[in-house]
Amino acid sequence: MKHFSLPKDGGLIEAGLPKDILHGYDKIYTEIYEDSFVASSAVAEEVITAINSFDAAAAGRLFKLGLTTGSTPTQLYSILVDAYKAGRVSFRGVEIFTIDEYYPSTSDQMQSRNYRLHSALIDRIDILKENVHIPDGSVPQDKLFDYCAAFDKSAKGMDLLVIGIGENGQVGFNEAGSTAGSRTRAVILPYSSRKRQSHNFNGDLKSTPSSAITMGIHAMMSSSRVILMAWGEKKSEAVKNIVEGTMDTQCPASFFQEHPNASLYVDETAGELLTRVVAPWKIGACEWTRKFRRKAVVWLCNEVDKPILKLTQNDYLQNSLGELLDLYGPFDKINIEVFNDLQHTITGWPGGKPDADDSTRPVASTPFPKKVLIFSPHPDDDVISMGGTFIRLVDQGHDVHVAYETSGNVAVHDDVVLQQIDAAAELGYGDNFTDIKHLIEEKVPGEPEPRELLSLKAAIRRSEAKAAVRSFGLNAKKNAHFLNLPFYESGGVTKFPRTQADVDIIKALIREIRPDQIYMAGDLADPHGTHRVCTEAALEAIEQLGEEGESWLEQSHIWLYRGAWMEWELGRVDMAVPLSPDEVVEKRHAIYRHLSQKDIVPFPGDDPREFWQRAEERNANTARQYDALGMAEYQAMEVFVKLK
């Protein structure tokens, strides 16, 4: 299966650049890879090489490997299993130490670290079970202190430690406030951590453990070699702090700045805030494409707090942009070109304006009207991420279809189901309240939900999605398509692998509609999350259709939107659709139709705002950025990147 990474357009010329210059801003040596799969493959190769080159006879002991659990190493473990099956590595001479476990917990609990590591790696390789050391969540409380001290002593001196970092820079359950001298110990999990971990317990915070055992940073620092990993844009702030910030107890992974042999492996989205990405002209020579010149000028405007047309030659020279002046100057010429370039991204006609000169517009005027297909990973991403544009396309007469790729069933709270069943009973459609309540009470935390309950939750989300698009005039019966991709239907947070079956469903819909425009999610916040899987499946479907002779696809254009948490940087934007105050309200009302996602949505993350608030603040902020650069002032804007 193919892996999607964001399109590149210009940037730092790394060929021939000395490593010490490329990594000049790194306090921890950091490698940025195209995507998490490529990065995981690189980590796997280092693990394999380290194991194979270890001389156990000379050392008089086994190779000591420290590992993490969670979503970050999922691909790594799969690659290591494949390498073992191919005969490239054996784990017979390895002992494994893992860094944390819920407390209390038992090894047979599906959500325990022990169970997850065994199912992902241990049970699939040839390691001897007596050489696997996972913190024991069943140790009696009166023996816990001595147990942790013994575990800490045995774990010290690992040959290689491979760990993922959390969104706030935590390692294991070493949360903010942990010190460099911390030992293996029991810790109380703060609310924010329990909220993050609750996804392993079907979103039930009450069932999520309030404490855990974690290896301390002191033991981790004793490792001969440390590899840190981070995937996805949700970890970009933490990566920035770890790599270029100061050591701080609020970001425990930053202590690895003092380790003599530590490296951080990140994908492009996790590394997007690093200096070599944000301002690569500070590092070395660059490829100055049109978009990359815009990126530099927008960055400069933010640095000196000026609109584009007020930038001076001195502003460029004092902020490391002399090369841009030399190649494309003088400065006022660059200002005007970038101003016009950015202004031409703005359009009130996302489907193209009929009978208009489209030479400087982001979308061609023909054909008109267009057939438009919007892919929505969950049943509300369409209106949250691009609701204003969606409404515009419908109002301007295009044949708009929306494809809800997954059922979104696991994101419906049990209380919402009971409320809907109660309403049906009150309306005289049968009283199943007691049966459904019993079904809910019989659920086992961490295990898949009953299919009957999932079907009810899926029906609720379908009805909400249809109500949302009906609110602005779309024919929900004809133009709303519910694909129910199989990969999602695991009944829990951890999904099935994406397969050709998912791709075939998407291919059939594209063939049926033959769209001129395709919109899909471009936010890759979670490398194992639904948005990424859906986008990769859709892109693979399009590629396969092209290979199968669907030549009309060459005239279809793909537009990428982002979700409710982050927005495209203006240097990437190809189309910006302004929204009036009334359109903002209309979009809000469409989001309101998704009642099951208001207030008590099971997996909202650390952001306390509702989805409509996140979307409005994000769209308003984008409009403010355009305004600050000297463009017209709008209430809000939705922005898109065109995938070539």
Side-chain angles (χ1 to χ4, degrees), residues 28-29 31 39-69 72-101 107 113-136 139 146-164 171-172 183-184 213-229 255-256 258-265:
I28 293 180
Y29 188 91
E31 293 286 3
S40 296
S41 298
V43 175
E45 287 305 312
E46 182 161 349
V47 172
I48 293 167
T49 299
I51 292 173
N52 289 341
S53 60
F54 182 73
D55 189 341
R61 59 174 176 82
L62 302 174
F63 182 87
K64 297 178 72 171
L65 175 63
L67 294 177
T68 186
T69 48
T72 301
T74 302
Q75 292 171 309
L76 168 64
Y77 294 159
S78 178
I79 296 167
L80 288 176
V81 169
D82 289 343
Y84 158 70
K85 290 180 178 178
R88 296 185 58 220
V89 64
S90 170
F91 293 85
R92 281 278 171 177
V94 176
E95 61 176 338
I96 288 177
F97 293 83
T98 63
I99 62 175
D100 53 26
E101 180 58 283
S107 61
R113 307 297 221 193
N114 193 312
Y115 186 96
R116 294 171 67 188
L117 186 66
H118 272 82
S119 61
L121 180 67
I122 302 299
D123 293 343
R124 303 169 66 191
I125 56 177
D126 63 342
I127 191 167
L128 299 176
K129 296 300 185 285
E130 61 265 29
N131 294 332
V132 177
H133 311 287
I134 301 174
D136 185 356
V139 172
D146 291 338
Y147 171 80
C148 288
F151 189 94
D152 193 84
K153 182 178 180 180
S154 64
K156 283 182 179 175
M158 289 176 284
D159 296 290
L160 174 61
L161 172 63
V162 182
I163 52 176
V171 281
R183 284 357 193 229
T184 300
I213 299 172
T214 186
M215 184 186 293
I217 295 174
H218 185 266
M220 295 180 185
M221 291 285 286
S222 71
S223 305
S224 299
R225 168 75 170 138
V226 176
I227 297 177
L228 304 171
M229 302 179 294
F255 289 119
F256 288 97
E258 289 198 334
H259 194 283
N261 192 17
S263 297
L264 174 59
Y265 287 53

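Just the heavy atoms: all of them, side chains too, but no hydrogens, waters or symmetry mates, feed the values below. Residues take their numbers from the sequence shown, with the count starting at 1.
Between Leu80 and Ile48, some side-chain heavy-atom pair lies under the 4.5 Å cut-off. Side chains of Leu228 and Ile163 form a contact here, defined as non-hydrogen atoms less than 4.5 Å apart. Residues Asn261 and Val226 have side chains not in contact (no heavy-atom distance under 4.5 Å, counting atoms from C-beta outward). A heavy-atom distance below 4.5 Å is found between the side chains of Ile134 and Glu101. Residues Arg183 and Phe151 fail the side-chain proximity criterion, which asks for heavy atoms closer than 4.5 Å. Within the 4.5 Å cutoff, the side chain of Met158 has heavy atoms near those of the Phe97 side chain. Within the 4.5 Å cutoff, the side chain of Phe256 has heavy atoms near those of the Val171 side chain. Considering only heavy atoms from C-beta on, Leu67 comes within 4.5 Å of Leu121 through its side chain.
With hydrogens and angles ignored, the 3.5 Å screen pairs a side-chain donor or acceptor of Lys64 with a backbone N or O of Ser154. Within the 3.5 Å criterion, the main-chain N or O of Leu160 finds no donor-acceptor partner in the side chain of Arg225. Formation of a donor-acceptor pair under 3.5 Å by the Thr49 side chain with backbone atoms of Glu46 is not found in this model. A side-chain donor-acceptor contact under 3.5 Å links Asn52 to the backbone of Arg88. A distance-only check finds no donor-acceptor pair linking the side chain of Asp159 to the backbone of Phe63 [under 3.5 Å]. A donor-acceptor pair is defined here as one N or O able to donate and one able to accept, closer than 3.5 Å; no such pair exists between the side chain of Tyr265 and the backbone of Ala42.
Residues Asp126 and Ser90 share a closest heavy-atom pair of OD2-OG, 2.6 Å. Here the closest heavy-atom approach between residue Ala58 and residue Asp55 is recorded as N-OD1, 3.1 Å. Scanning both residues, Thr98 and Leu117, for their nearest heavy atoms gives CG2-CD2, 3.0 Å. Closest non-hydrogen pair, Leu161 versus Ser223, comes out as CB-OG, 3.6 Å.
Interatomic distance, CD of Glu95 versus CD1 of Ile127, reported as 8.5 Å (0.5 Å rounding). Within the model, atoms NE2 of His259 and CD1 of Ile28 stand 10.0 Å from one another, a figure rounded to the nearest 0.5 Å. Atom OG1 of Thr214 is separated from atom CZ of Arg113 by 9.0 Å, given to the nearest 0.5 angstrom. Here the straight-line distance linking atom CD1 of Ile79 with atom OG of Ser40 works out to 5.0 Å at 0.5 Å rounding. Note that the CD1 atom of Ile227 and the CG atom of Leu264 stand 10.5 Å from one another [nearest 0.5 Å].
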List the steps, then state whether side chain to side chain donor-acceptor pair (under 3.5 Å) holds for Gln75 with Tyr77.
CA-CA 5 Å; Gln75 292 171 309; Tyr77 294 159; over 6 Å; no

Under the side chain to side chain contact (heavy atoms under 4.5 Å, CB included) criterion, do His118 and Arg124 qualify, and how do the steps go?
CA-CA 8 Å; His118 272 82; Arg124 303 169 66 191; over 6 Å; no

